[in-house]
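Since the structure comes first, as structure tokens, the remarks are kept for the end.
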Amino acid sequence: MNGVRFNHLLGLEGMSREAITEILDSAEAFLEVLERPIPKVPSLRGVTIANLFFEPSTRTRISFELAEKRLSADVTNFSSSNSSLVKGETMLDTARNIEAMKVDVVVIRHFAQGAPHFLADRISASIINAGDGAHEHPTQALLDMLTLKHQIGALDGLKVLILGDIAHSRVARSNIWGLRTLGASVKVCGPLALMPREVEEMGVEITHDLNEALAWCDVVNVLRLQLERQQEGLIPSLRDYQRSFGLTRKRLEMAGGDKVIMHPGPMNRGVEIDSDVADGSGSVILRQVTYGVAVRMAVLYLISGGERIIE
Amino acid sequence: MNRTTSMMDPPAGWKAYSTDKLALGGVRVVDPSLKLDQRTDLVIRDGIITRLGSIPDRWTGAVIDGSGLIVCPGLFDMHVHLREPGFEHKETIESGCTAAAAGGFTGVAPMPNTNPAIDNAGLVRFVRDKAYGLPVDVHPVAAISLGRRGATLTEFSELIEAGVTMFSDDGSPLASAALMRHALEYARMYGAVICEHCEEQSLTAGGVMHEGAVSTRLGLPGWPSIGEEIAVERNIALAEFTRARLHIAHASTARSLELIRAAKDRGIQVTAEVTPHHLTLDCTILSGFDSNYKVNPPLRTRRDVELLIEGLADGTIDAIATDHAPHAPDEKEVEFISAPFGMIGLETALGVIYTRLVLPGKISLNRMIELMSSAPRRIIGQPEAAVRKGAEVNLTVFNPDEEWTVDGEHFHSKAKNTPFQGWKLKGRAVGVINRGIAWMRGV
Ligand SMILES: [Zn+2]
């Protein structure tokens with residue numbers, strides 16, 4: 001566990017197998033820390049981390065905060081509802097302010113694709129992308145992969161189906177890069193109007209037949225459907241979407257075999273996934289949340305220059 | 001005509017001369033429309049080319065050593081944004097014309113998307129008069145619709161009387177086919193041309209880059225090729241129906257090119273321009289989210305670029321125009337999706353086209369001069385510039401061997417949003433001679 005260094009985590013596109021593996025291995029060690037009676041290590045004592053959330057996200061923000069506190073870092077939060085960001089401060093001013101505050105690590109969630117790259121090009125702090133528009137959400141994909149490693153073992157040859165609104169999904173993109181790098185096969189399934197053009201060039205197959213796709217896969221990662229897609233004319237109605245692409249117990253039974261069911265949350269129950277699937281056997285949705293903290297601890301730790309994880 | 005008293009200052013590092021008595025010694029004179037390509041002296045008196053031959057023995061005027069320099073008909077950029085009135089923090093007519101001169105252009109056609117829009121004769125005169133004392137002709141393009149709102153036609157008859165020859169709502173494509181039809185009808189009646197930015201906005205809403213594998217990778221909203229092509233097709237159909245003249249602004253896709261080629265074959269009066277950036281850059285360059293590469297229409301694929309270059313060579317494309325679109329640095333230095341569209345091009349066009357297309361043999365020097373001087377002048381109805389004895393001077397002087405590196409910090413434009421920052425180019429403007437003024441760099 002040495003050698004792989006990174007200053008930023010902007011995305012999984014182009015990240016090496018070694019780097020991904022190192023993060024996942026480190027996360028395993030942190031999972032063990034999280035099992036302890038006092039789940040806290042001093043690894044990042046003296047490291048200042050700013051969480052910048054330009055888009056509401058309770059889950060990811062809490063997961064990062066928890067990871068940071070478990071590592072004993074000094075944490076400061078800005079979110080669009082309690083800082084100058086609402087007043088329309090530009091990204092450039094934000095960058096200059098962060099630089100002046102001498103923050104070591106910035107965790108950024110932003111509605112604009114490339115916002116983390118914008119900061120990384122302009123300030124000396126390490127940047128962690130906590131989701132940038134429809135571009136990438138690397139820590140989500142890493143936690144999905146950690147969950148699968150735990151659930152199934154090696155990812156080589158695993159058949160993963162990503163189901164839903166691929167076009168607008170950063171979770172889909174990061175999962176595709178990470179899973180392909182670790183040797184999994186990936187299919188994407190969803191309505192054509194929500195399928196980004198030439199997505200095959202990312203190394204995936206496209207299908208619009210959910211039953212066929214379910215018969216093929218070992219894992220289904222169900223994406224959240226943003227309800228505004230209906231106003232945008234991209235789906236006829238939620239009901240219509242659910243009929244063709246909603247994950248139901250009946251469909252899973254028809255496909256046969258055990259599937260691992262994942263969802264990045266928050267779920268629209270009864271739309272993209274039925275409750276008896278989300279809460280039923282095969283679902284690892286709550287475990288994803290636990291693994292999320294461990295993965296973020298690993299990323300924060302490695303990015304801050306840590307070598308050996310736990311005393 | 002002596003205009004020395006009202007001359008504006010040339011760019012820093014440049015020197016102004018009067019054309020009352022000026023001679024260029026040992027230049028290579030190239031004028032494709034006269035089939036002229038020879039080494040000679042060129043003598044100017046009272047703003048007229050009086051001699052293509054040795055400088056007279058007892059010459060008392062200024063002499064510029066032109067060895068190694070090419071003199072050609074003045075370059076004309078038929079699609080620029082000078083931002084005045086309304087957006088003077090981005091560019092002014094003076095700064096834009098200075099940039100044009102520094103890039104070797106003796107004439108520009110500014111688009112009317114200013115504030116207020118150039119939609120009446122008074123504003124046309126305002127824009128034109130602002131260039132007084134500069135060696136650059138400013139020939140304003142007037143709006144098709146009042147306020148460029150796409151609802152009511154501007155007063156074509158008065159605008160024509162004010163000297164307008166081209167109409168465009170550039171940047172705000174005409175959604176209404178009926179309005180386009182009537183604009184074409186009025187243009188035909190007065191012998192003018194309609195220049196259209198072809199974009200079907202219901203297909204491009206929210207789009208910030210070419211839709212395809214790269215936009216999919218970056219998760220950025222796509223601006224698909226079809227958004228341009230469907231409008232090109234519609235507007236060509238309307239040009240055919242009205243038998244009017246249509247000019248397609250900044251064509252960017254291979255299919256647009258095919259449509260233009262087929263229309264020309266059918267005898268429809270359609271012409272087209274392409275920008276230097278669409279001829280040299282493709283959308284893979286957007287991978288770093290650099291907003292300097294954000295432009296409308298967007299950078300397309302490598303295949304589009306290659307076919308557009310073929311279109312230049314085979315005559316489907318008539319003209320090269322920069323679509324010079326200046327923005328203040330702080331406007332561009334924001335998240336990619338929030339940044340305004342546009343890149344500047346006046347100071348790089350000649351070097352980029354010469355280096356990337358002429359030197360590798362994709363087009364000839366003659367073709368470059370046609371594309372950047374005679375064709376745009378003909379389309380927009382400006383008198384042709386010619387290197388002919390007896391003609392009023394309207395000349396561009398450039399050094400085909402000068403090697404230089406693009407650096408926006410040194411531009412004369414107020415803006416720095418160039419997509420060619422750091423490019424090593426060969427070929428650079430040395431001077432412009434027009435309207436009684438010669439501006440020459442470093443000589
Ligand atoms: Zn335009």
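Residue numbering restarts at 1 for every chain, and letters A, B, ... go by the order of the sequence lines.
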(request) Using non-hydrogen atoms and a 4.5 Å limit, figure out which bit of A/His168 sits close to chain B: side chain, backbone, both or neither. (result) neither
(message) If I take atom CD from residue B/Glu333 and atom CZ from residue A/Phe118, how far apart are they, to the nearest 0.5 angstrom?
(response) 5.0 Å
(request) Assess whether atom CZ of A/Arg229 is packed by more than 12 heavy atoms of other residues, nucleotides or ligands within 6.0 Å. (result) yes
(message) Can you classify the ring geometry of A/His135 versus B/Phe289 as parallel (below 30°), tilted (30 to 60°) or perpendicular (above 60°)?
(response) perpendicular
(request) Determine whether more than 12 heavy atoms belonging to other residues, nucleotides or ligands lie under 6.0 Å from atom CD of A/Glu205. (result) no
(request) Spell out, as yes or no, whether a donor-acceptor pair under 3.5 Å connects the side chain of B/Thr216 to the backbone of A/Val199. (result) no
(request) Taking the side chain as every heavy atom from C-beta outward, state whether A/Met91 and B/Ser338 have any atom pair closer than 4.5 Å. (result) no
(message) So, taking the atom named CZ in B/Phe336 and the one named CD in A/Gln113, what distance separates them when rounded to the nearest 0.5 Å?
(response) 9.5 Å
(request) Measure the CZ-CZ distance between B/Arg217 and A/Arg173 for me, rounded to the nearest 0.5 Å. (result) 11.0 Å
(request) Mark yes when over 12 heavy atoms from residues, nucleotides or ligands other than B/Lys362 sit less than 6.0 Å from its NZ; otherwise mark no. (result) no
(request) Heavy-atom distances under 4.5 Å only: say whether A/Arg122 touches chain B with side chain, backbone, both or neither. (result) side chain
(message) If I measure from the heavy atoms of chain A, does B/Leu220 come under 4.5 Å with its side chain, its backbone, both, or neither?
(response) both
(message) Nearest 0.5 angstrom please: B/Leu218 CG to A/Glu136 CD, how far?
(response) 9.5 Å
(request) Locate the shortest heavy-atom distance separating A/Glu198 from B/Ala213; write the atom from each residue and the value. (result) OE1-N, 3.2 Å
(request) For chain B, find which of A/Leu92, A/Asp132, A/Leu10 contributes the most heavy-atom pairs closer than 4.5 angstrom. (result) A/Leu92
(message) Take a 6.0 Å sphere around CZ of B/Arg303 and say whether it holds more than 12 heavy atoms from other residues, nucleotides or ligands.
(response) no
(message) Once rounded to the nearest 0.5 Å, what's the spacing between atom OG of B/Ser287 and atom NE2 of A/His117?
(response) 9.5 Å
